[in-house]
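Heads up, the thing below is written out as structure tokens.
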Amino acid sequence: MKRKLNIVMIASECVPYVKTGGLADVVGALPKALKKMGHEVCIILPYYRSIDRSKYEISQYHAPMGVWMGANTQEWCAVNKTETEDGVPVYFIEHDRFFARDRPYNDSNNRDYLDNAERFAFFSRAALQLCIDKNIQADILHAHDWPTALVPAYHKLWHWNSSVLSKAASVLTIHNIDHQGLFGRDHYEYTGLGWENFTSEKFEQYNGINYLKGGIYFADLVNTVSPTYAVETRSTELGRGMQTPLNSKGEYYLGILNGVDYTEWSPEKDPHLPAKYSTRSMKGKAKCKAALQERFGLKVDPKIPIVGIVSRFAGQKGLDVLYPVIHEAQRQMEIQFVVVGSGDKQLEAQYMALPNRYPGKVGSFIGYSNPLAHLVEAGSDFFVMPSRFEPCGLNQLYSLRYGTLPIVRSTGGLADTVEQYNEQTGEGTGFLFKDLSVGALFNTIGWAVSTWYDRPKHIKAMIKRGMAQRFDWDRSVAVYEEWYHRVVRP
Ligand code: ADP
Ligand code: GLC
């Protein structure tokens with residue numbers, strides 16, 4: 001039997017404490033699933049001001065903690081602690097100058113904080129310092145995306161002979177290759193990573209710093225969150241300049257599909273819904289649809305198909321392509337749209353104005369609302385994701401579970417999880433298209449809507465099929481476990 005591992009998960013967001021996107025869902029769910037398999041797991045997060053101390057019963061654990069950075073700088077911080085509902089310890093690094101802010105990466109105008117290089121270099125170092133101070137003898141240090149990409153580097157460069165961490169192996173999961181942590185070289189001294197590592201193979205890029213590239217170099221294992229995206233990122237087209245570093249990892253760069261936390265996302269027991277439902281009785285879904293229509297001031301009519309969107313407004317998501325399609329669809333079809341999201345200011349303004357332009361037909365909420373995200377998943381008939389690239393995508397998985405047919409671009413995790421509808425046989429779980437163009441998206445939405453009106457039996461069968469599918473964490477965790485064992489020191 002394989003031995004149980006001690007896994008330290010280090011990340012910049014995690015459900016339920018702080019979330020901007022799917023990263024938080026994954027960091028919340030993966031430890032739970034690993035613990036279920038008998039491993040010891042803990043999570044280390046920054047202590048942002050928005051994290052509710054009393055709600056999560058967070059108390060001080062270790063203070064003061066001194067953390068050496070470069071340029072002979074010592075930072076002082078405190079460590080707070082709580083436990084998840086499943087008994088996973090969660091440590092929060094408290095450092096007010098860096099983290100007493102409401103949002104993790106940027107201000108309310110969506111502008112990145114100017115000290116992100118220092119904030120997350122410090123956090124990555126502090127996470128390792130905590131392990132050393134508290135004798136957390138990790139087998140696996142598991143970091144996520146650029147904010148914690150320096151964990152593998154500090155581990156290899158600074159702590160290779162520490163009695164607590166020398167045996168650990170490091171894993172870096174890439175959830176979003178669009179964000180690499182690019183900074184001017186004037187930030188490098190603070191990191192303390194040493195100018196000998198400021199090379200084009202490790203941290204240097206166009207004379208600036210690239211955190212993700214350094215993380216890829218130093219990590220023992222790098223993965224992304226779907227098999228197709230792992231293949232795509234090895235190419236020039238979607239590698240965003242990381243294709244060479246990723247290819248140089250050989251088989252130690254792979255795709256492991258995310259799972260879904262079905263305790264949070266199941267229509268049978270979703271507390272955010274006005275009515276519950278399952279494949280046995282879909283009456284509740286009709287109630288959710290009516291509630292969604294009402295909430296967004298749309299005409300309450302079960303016959304009109306609703307297309308839902310819940311998304312970060314970022315270039316990745318293709319919402320700039322969807323925008324003209326909504327106008328065109330309003331001219332040509334009987335169809336409703338509901339959009340929930342925030343991010344890019346220009347897109348926010350465009351989507352905010354839509355309900356006035358198409359009263360009773362298009363609704364939007366600009367902002368972040370988890371209850372609304374659940375209501376959109378449940379109340380919509382279709383869910384659209386015209387992503388330019390999509391490492392995994394969780395919303396299409398939620399949609400399948402909620403009987404809401406995904407209309408998605410065939411890329412990354414979307415291609416791995418949605419099966420194309422076959423008009424002859426009725427098979428499939430959604431509608432896929434290849435080209436990211438207004439025409440292709442419009443035609444695919446048109447195809448879905450004509451299927452809705454003309455082949456309702458096919459729609460019904462697809463809904464059932466999608467709802468019965470499971471993308472459980474257990475399956476994904478078994479793959480993580482296998483790879484952890486391949487890199488762990490004996
Ligand atoms: P990404 O991580 O790239 O944003 P995913 O599909 O993996 O994409 O995950 C997005 C997650 O964030 C989902 O759980 C989705 O419901 C949630 N989400 C995104 N935008 C919002 C929003 N405005 N309000 C509520 N939830 C949101
Ligand atoms: C990212 C990706 C998304 C993925 C999520 C969780 O933000 O954009 O595709 O599902 O991380 O891994």
Side-chain angles (χ1 to χ4, degrees), residues 9 11-16 18-30 103-105 110 142-147 172-180 212 223-230 232-233 238 240 255-262 264-265 270 272 308-319 338-344 347-348 351-352 363-378 380 383-402 404 406 408-409 411-418 471 473 476 480:
M9 208 56 80
S12 53
E13 47 183 292
C14 173
V15 158
V18 51
K19 166 168 168 175
T20 71
L23 167 64
D25 293 277
V26 173
V27 177
L30 182 56
R103 297 156 55 100
Y105 321 110
N110 212 27
H142 192 151
H144 300 262
D145 277 349
W146 75 265
L172 174 64
T173 300
I174 300 175
H175 300 261
N176 195 329
I177 215 163
D178 241 13
H179 299 285
Q180 300 181 357
L212 190 69
N223 79 296
T224 187
V225 287
S226 72
T228 294
Y229 192 63
E232 290 170 342
T233 43
L238 285 180
R240 296 284 194 275
I256 305 176
L257 193 71
N258 284 332
V260 170
D261 185 352
Y262 289 113
E264 291 288 322
W265 295 94
D270 189 330
H272 300 294
I309 294 109
V310 178
S311 184
R312 291 183 295 114
F313 287 1
Q316 171 193 353
K317 303 294 180 181
L319 296 174
V338 169
V339 185
V340 172
S342 61
D344 179 271
L347 286 171
E348 284 190 357
Y351 280 93
M352 190 157 5
S364 70
F365 171 84
I366 305 306
Y368 188 90
S369 163
N370 189 42
L372 274 186
H374 284 252
L375 183 62
V376 172
E377 287 290 2
S380 304
F383 193 95
V384 70
M385 295 176 76
S387 306
R388 289 203 156 73
F389 69 94
E390 197 60 77
C392 177
L394 295 171
N395 278 307
Q396 83 281 12
L397 302 178
Y398 304 152
S399 299
L400 289 167
R401 188 71 188 83
Y402 281 71
T404 302
V408 301
R409 174 142 186 269
T411 182
L414 299 173
D416 286 337
T417 55
V418 181
F471 294 88
W473 267 110
S476 314
Y480 275 105

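As the structure lists them, so they are numbered: ligands from 1, and atoms in each ligand from 1. The structure presented is a predicted model; accordingly, all values stated were derived computationally and were not measured.
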Checklist outcome for this item: Tightest non-hydrogen contact, residues N258 and C392, listed as ND2-CB, 3.4 Å
Next on the checklist: Given D178, which partner from the list R312, R240, R388 fulfils the salt bridge (Lys or Arg N to Asp or Glu O under 4.0 Å) test?
Outcome noted: R240
Item to check | side-chain contact (heavy atoms from CB on, under 4.5 Å) evaluation trace for V26 with V225 | outcome: CA-CA 10 Å; V26 173; V225 287; 5.5 Å; no
Checklist entry - What's the shortest heavy-atom distance between W265 and V260, and which atoms? => result CB-CG1, 4.3 Å
Checklist entry - Quick one: nearest non-hydrogen protein atom to atom 16 (O) of ligand 1, plus distance? => result N395 OD1, 3.3 Å
Checklist entry - How close does the nearest protein non-hydrogen atom get to atom 25 (C) of ligand 1, and which residue and atom is it? => result S369 O, 3.3 Å
Next on the checklist: Is there a side-chain contact (heavy atoms from CB on, under 4.5 Å) between D270 and Y402? Walk through the geometry before answering.
Outcome noted: CA-CA 10 Å; D270 189 330; Y402 281 71; 2.6 Å; yes
Item to check | Considering all heavy atoms, the nearest G21-E13 contact | outcome: N-OE1, 3.2 Å
Checklist entry - For E264 and Y398, does a side-chain donor sit closer than 3.5 Å to a side-chain acceptor? => result no
Item to check | Top protein contact for atom 8 (O) of ligand 1, by heavy-atom distance | outcome: K317 NZ, 3.1 Å
Next on the checklist: Measuring from non-hydrogen atoms of G393 to any atom of ligand 2, is the shortest distance under 4.0 Å?
Outcome noted: yes
Checklist entry - Considering only the protein, which heavy-atom contact is closest to atom 8 (O) of ligand 2, and what is its distance? => result Q316 NE2, 2.8 Å
Next on the checklist: Quick test: of every protein heavy atom, which one is nearest to atom 27 (C) of ligand 1, and how far off is it to 0.1 Å?
Outcome noted: Y368 CE1, 3.4 Å
Next on the checklist: Considering non-hydrogen atoms of the protein only, which is the closest contact for atom 2 (O) of ligand 1, and what is the distance?
Outcome noted: G22 N, 2.6 Å
Next on the checklist: So for ligand 1, is K19 a polar contact partner (N or O within less than 3.5 Å, distance only)?
Outcome noted: yes
Checklist entry - Do the ring planes of Y105 and W146 sit parallel (below 30°), tilted (30 to 60°) or perpendicular (above 60°)? => result tilted
Checklist entry - Between H179, H175, H144, which one has a non-hydrogen atom sitting closest to atom 12 (O) of ligand 2? => result H175
Checklist entry - Which of the numbered atoms in ligand 1 are below 4.0 angstrom from a heavy atom of G367? => result 22 (C), 23 (N)
Next on the checklist: With side-chain contact (heavy atoms from CB on, under 4.5 Å) as the criterion, how do M385 and R409 come out once you've worked through the C-alpha distance, each side chain's angles and the decisive distance to 0.1 Å?
Outcome noted: CA-CA 7 Å; M385 295 176 76; R409 174 142 186 269; over 6 Å; no
Item to check | For Q316, the ligand 1 atoms whose distance to one of its heavy atoms is below 4.0 Å | outcome: 3 (O)
Checklist entry - Nearest protein heavy-atom contact for atom 9 (O) of ligand 2: which residue, which atom, what distance? => result E390 OE2, 2.4 Å
Next on the checklist: So if I count the atoms of ligand 2 from 1 in the order they appear, which ones are less than 4.0 Å from some heavy atom of V26?
Outcome noted: 6 (C), 12 (O)
Next on the checklist: Give the atom numbers and elements of ligand 1 that come within less than 4.0 Å of a heavy atom of R312.
Outcome noted: 1 (P), 3 (O), 4 (O), 20 (N)
Item to check | Contact partition for V225 relative to ligand 2, non-hydrogen atoms under 4.0 Å | outcome: side chain
Item to check | Atom indices of ligand 2 within 4.0 angstrom of G22 heavy atoms, with elements | outcome: 5 (C), 6 (C)
Item to check | Ligand-residue contact atoms, ligand 1 with G393, heavy atoms, under 4.0 Å | outcome: 6 (O), 7 (O)
Checklist entry - Who's the nearest protein heavy-atom neighbour of atom 18 (N) of ligand 1, and how far? => result V310 CG1, 3.9 Å
Checklist entry - With under 30° as parallel and over 60° as perpendicular, where do the rings of Y351 and F313 fit, or are they tilted in between? => result tilted
Next on the checklist: Restricting to non-hydrogen atoms, name the atom on A230 and the atom on G255 that form the minimum distance, rounded to 0.1 Å.
Outcome noted: CB-N, 3.4 Å
Item to check | Numbered atoms of ligand 1 (with element) below 4.0 Å of D25, judged on heavy atoms | outcome: 11 (C), 14 (O)
Next on the checklist: Please classify the H175 to ligand 1 contact at 4.0 Å (heavy-atom distances, strictly less than): side chain, backbone, both or neither.
Outcome noted: neither
Item to check | Non-hydrogen atoms of A378 and T404 that approach each other most closely | outcome: O-OG1, 4.3 Å
Item to check | Atoms of ligand 1 close to Y398 [distance to a heavy atom under 4.0 angstrom, numbered from 1] | outcome: 13 (C), 14 (O)
Next on the checklist: How far is atom 6 (O) of ligand 1 from the closest protein heavy atom, and which atom is that?
Outcome noted: L394 N, 2.9 Å
Checklist entry - Is there any N or O on N370 that sits under 3.5 Å from an N or O of ligand 1? => result no
Next on the checklist: Heavy atoms only: which of S311, A373, G341 lies closest to atom 20 (N) of ligand 1?
Outcome noted: S311
Checklist entry - Does any non-hydrogen side-chain atom of L375 lie less than 4.5 Å from one of H272? => result no
Checklist entry - Taking the six-membered ring where the residue is Trp, are the ring centres of H142 and Y480 under 6.0 Å apart? => result yes
Item to check | Taking every non-hydrogen atom, the tightest pair across D145 and L23 | outcome: OD2-CD2, 4.0 Å
Item to check | For ligand 2, the portion of D25 having any non-hydrogen atom under 4.0 Å away | outcome: neither
